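Throughout, residue positions are numbered sequentially from 1 according to the sequence presented. Quick caveat: nothing in here was measured; it's all calculated off a predicted structure.
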Amino acid sequence: MGKLYIVPTPIGNLNDITFRAIEVLKSVDAILAEDTRTSGKLLKHFEIKTPMQSHHMHNEHKMLNRIIERIKSGETIALISDAGTPAISDPGFLLTRACVEHSIEVDCLPGATAFVPALVNSGLPNDKFVFEGFLPVKKGRQTRLKLLAEETRTIIFYESPHKLLKTLAHFCEYFGEDRPVSVSRELTKLFEETIRGTAKEVLEHYTNKPPKGEIVIVVGAKK
């Protein structure tokens, strides 16, 4: 029987990939990539010539049984996402669960994940925290925000730049304007920045300076 490797890829700076990740990607029989065009640039940079196959949220259900059979027949396969660790707000959970159910070995390598540096450099307590990922866009959003308003641990969110102002406004409404917030943008990239302040202050900042790039929001707990 083969094996599944879960391989984190850099969230920006290509030097953040590990030596082991490169070795695994070169040695496996195939790489499942969220976007083969994006991952193709990474593989070319590190001279990795392993064949890739597209594996994303729109086809992962249909591919599941086929991949399991390939691994059972002896193939070793690596799963990567566009950036960071697969299955963290990216495809990966379904395949990992299926491998576990079929007694297939899963080896998840340590590596880049956007929320960890954002949490650490926020200056907010990180001994206990909850990762929320993306908030619901419409259905269930208000209910979720009301529930999280009572959370006594630091909260971490992912957000897109065009929805950041709406989300910060909702934080002001449901969590209070004085709730501490840290927004990290473009982590490990050239224009990386972290803006810290109250929910109101951070909202005002990005109202005057529209955000770009990948965003992680860290929100202080209810006191």
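Between Lys209 and Glu193 there is a salt bridge, with a side-chain nitrogen of the basic residue lying less than 4.0 Å from a carboxylate oxygen of the acidic one. Glu47 has no carboxylate O lying under 4.0 Å from a charged side-chain N of Lys26, or vice versa, which leaves the two without a salt bridge. Salt-bridge formation is not detected for the pair Lys200/Asp178: no Lys NZ or Arg NE/NH1/NH2 atom is positioned less than 4.0 Å from an Asp or Glu carboxylate oxygen.
Listed for the Asp16 side chain is no donor-acceptor partner under 3.5 Å among the backbone atoms of Pro10. Under a 3.5 Å cut-off, the side chain of Glu204 and the backbone N or O of Glu201 do not form any donor-acceptor pair. The main-chain N or O of Gly140 is never found under 3.5 Å from a side-chain atom of Thr143 such that the two would form a donor-acceptor pair. The backbone N or O of Asn13 lies less than 3.5 Å from a partner atom in the side chain of Thr188, making a donor-acceptor pair.
A chain of hydrophobic side-chain contacts below 4.5 Å, direct or via other Ile, Leu, Val, Met, Phe, Trp or Tyr residues, connects Leu203 to Val219. In the hydrophobic clustering of this structure, Val216 does not group with Phe157; members are Ile, Leu, Val, Met, Phe, Trp, Tyr whose side-chain heavy atoms approach within less than 4.5 Å, directly or through other members. Hydrophobic cluster membership differs between Val130 and Leu119, with clusters built from Ile, Leu, Val, Met, Phe, Trp and Tyr side chains linked at under 4.5 angstrom. Cluster membership check: Leu145 shares its hydrophobic cluster with Val183, using side-chain heavy-atom separations under 4.5 Å among Ile, Leu, Val, Met, Phe, Trp and Tyr. Residues Val181 and Val120 are members of separate hydrophobic clusters, defined by side-chain heavy-atom contacts under 4.5 angstrom among Ile, Leu, Val, Met, Phe, Trp and Tyr.
Contact of the Lys44 side chain with the Lys41 side chain is not registered, since no non-hydrogen atoms from C-beta on lie closer than 4.5 Å. Using a 4.5 Å heavy-atom threshold, the side chains of Asp35 and His56 count as separate. Annotation: side chain of Ser182 is not in contact with side chain of Ile217 (no heavy-atom distance under 4.5 Å). Using a 4.5 Å cut-off on side-chain heavy atoms (C-beta onward), Gln53 and Met63 make contact. At least one side-chain heavy atom of Ile215 sits under 4.5 Å from a side-chain heavy atom of Pro161. Side-chain atoms of Leu32 and Ile80, non-hydrogen and from C-beta on, never get closer than 4.5 Å to each other. Looking at Val7 and Leu25, their side chains come closer than 4.5 Å, going by heavy atoms from C-beta outward. Looking at Leu148 and Leu135, their side chains come closer than 4.5 Å, going by heavy atoms from C-beta outward.
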List, one per line, each side-chain donor-acceptor pair under 3.5 Å for residues 89-102, sequence neighbours excluded.
| unit_1 | atom_1 | unit_2 | atom_2 | d |
| --- | --- | --- | --- | --- |
| Thr96 | OG1 | Gly92 | O | 2.8 |
| His102 | ND1 | Ala98 | O | 2.9 |

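By the 30° and 60° cut-offs, the orientation of the rings of Phe131 relative to Tyr158 is perpendicular. Using bins of under 30°, 30° to 60° and over 60° for the plane-to-plane angle, the ring pair Phe175/Phe171 lands in the parallel bin.
Using a 3.5 Å distance cut-off with no hydrogens or angles, the side chains of Arg141 and Thr167 do pair a donor with an acceptor. Between the side chains of Thr85 and Thr113, at least one donor N or O lies within less than 3.5 Å of an accepting N or O.
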Test log, rule side-chain contact (heavy atoms from CB on, under 4.5 Å), inputs Ile88 and Phe115
CA-CA 10 Å; Ile88 305 296; Phe115 77 79; 4.2 Å; yes
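The two residues Ser81 and Ser39 have their closest heavy-atom pair at O-OG, 4.3 Å. Here the shortest heavy-atom pairing between Arg179 and Lys222 reads NH1-N, 3.6 Å. Here the closest heavy-atom approach between residue Ala112 and residue Thr9 is recorded as CB-O, 3.6 Å. For the residue pair Ile104 and Gly2, the shortest heavy atom distance occurs at CG2-O, 4.3 Å. Considering every non-hydrogen atom in both Thr18 and Pro110, the closest pair reads CG2-O, 4.1 Å. The two residues Asn59 and Ser54 have their closest heavy-atom pair at ND2-O, 3.3 Å.
With Ile31 as the partner, the side chain to side chain contact (heavy atoms under 4.5 Å, CB included) test is satisfied by one option alone out of Leu43, Leu79, Ile77, Thr36: Leu43.
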